[in-house]
Amino acid sequence: MNILQFKGISISAISACVPKTKINNREFGKLLFDEETLAKTIDAVGVEQRRVTEKSVTTSDLCFAAAEQLFAEQHIDKSEIDVLIFVSQTPDYRLPATACVLQNRLGLSKKTIAFDVNLGCSGYVYGLSAAYAFANIPTVQKVLLLAGDTPTKFVSPQDKSAALLFGDAGTATLLEKSDDAKDTFFNLFTDGSGFENLNIKGGGYRCMSNAQSFETEEDTEGNLRNSEQLYMNGGEIFNFTLREVPKSINELLEFSNINILEINQFVFHQANKFMINFLCKKMKIDREKFLISLNKFGNTSTASIPLTLVVNKNEHNYGQVLMSGFGVGLSWANAVIDLKNTKFLSLIEI
Amino acid sequence: MNKKDFFASLEDYLELEGLNENSPLELSSLGILSVIALIDENFDKQYKASEIKEIKSVQELMSLIGTENFID
């Protein structure tokens, strides 16, 4: 059964951190496109600006800053954190799990259950479902979910299909038991047959790093990348999303017995403007309820859903929120969560 | 779908003008996404991006969707 239902658990706070350095795509894109194509591409992709980490800053640094802000502003007793889940595709090291490094850096107890989840676009919703499952255990008090990515580190700047798209961000989400929480619903899916459509082939143990894996090659579209950089088949990903996501959202709404009109906000993984606008149109979602962050921050992979919630917090009073993450894996997951009592902290920069 | 409406819709999605059955098509990667979106919206069908990429004319696109889906 891929549908989960939780009672008596709520998200008490969400924080997010982005790097200070901004890249303006209208300038950056001049290196890749002629003026007309650049304007058209930015209009379709929807990313005007995005944030990029310096070489020395990692995803865990962004998540650490977001977690420290959350602990300080919410007056959290760190000893009450029983579980730390780090969701990312850009860990600090090949081993150990970044969650172990963060447990120590954040000053959490040695009794903390800490582990990594390697997922991207669907990662936040997947991580959240795992966090809910832990929070559901009677002996667990608080669960900290750190979700982030620095995709600008693995995208070739000479790959026209991806170079303007991605931004870096890290987030922190705190869950705890709450008597007045509404039920939370998840459904989660996987189709590994499409794994090659969004893939970094090199650098793992199937295709280990060597001199050749860093050699730049040109594809049939004129994009330059090496096998340690992201390959994305945008057409197939778009196709997969249209085929699977609306259907899966409808299934979750049906199971949870919630009418789509009762959803106050829709927060989708910020893949690109073309894709999420089309999903919005296909599902007949009210634009006013559809939250966006990719115009200023790009596609921030695992961080996109919580970052979108944080940066839109002043314009909306969140209520029953539908989250949907979809992409790399291929993997997709949805959640219906009541965020009425969740505290959203102000976005921080490092 | 009425052919005239299909041509108009295709022009709208691809930001082109004066399309008819005999028009050649050269689809960019964004054009491929647009055609996938158009077919999904109007015909509730999905095709692989690699299939759409091979399309070289409006006629070929109509054949892929199925000529029975169009009326004059």
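Order of the sequence lines fixes the chain letters, A, B, ..., with proteins taken first and strands second; residue numbering starts at 1 for each chain.
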Mind ranking B/L30, B/I52, B/D40, B/V35 by heavy-atom pairs under 4.5 Å with chain A and telling me who comes out on top?
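Of the candidates given, the most pairs with chain A belong to B/D40.
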Report the option among B/S28, B/S34, B/S29 that has the most heavy-atom pairs separated by less than 4.5 Å from atoms of chain A.
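Looking at each option in turn, the highest pair count goes to B/S34.
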Report the relative orientation of the aromatic rings in A/F274 and A/F278; use parallel for angles under 30°, tilted for 30 to 60°, perpendicular for over 60°.
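Rings of A/F274 and A/F278: parallel, as their planes differ by under 30°.
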Salt-bridged, A/D43 to A/K273, with N to O below 4.0 Å?
yes
Measure from the ring center of A/F290 to the ring center of A/F268 and say whether it is less than 6.0 Å.
yes
Under 4.5 Å from a heavy atom of chain B, the part of A/K160 involved:
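Neither; nothing under 4.5 Å.
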Under a 4.5 Å heavy-atom cut-off, does chain B meet the side chain of A/T220, its backbone, both or neither?
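For A/T220, the contact with chain B is made by the side chain alone.
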Do any N or O atoms from the side chain of B/K53 and from the backbone of B/I32 form a donor-acceptor pair under 3.5 angstrom?
no
Between the side chain of A/S331 and the main-chain N/O of A/G123, is any donor-acceptor distance below 3.5 Å?
no
Where does B/S50 contact chain A at under 4.5 Å (heavy atoms): side chain, backbone, both or neither?
both
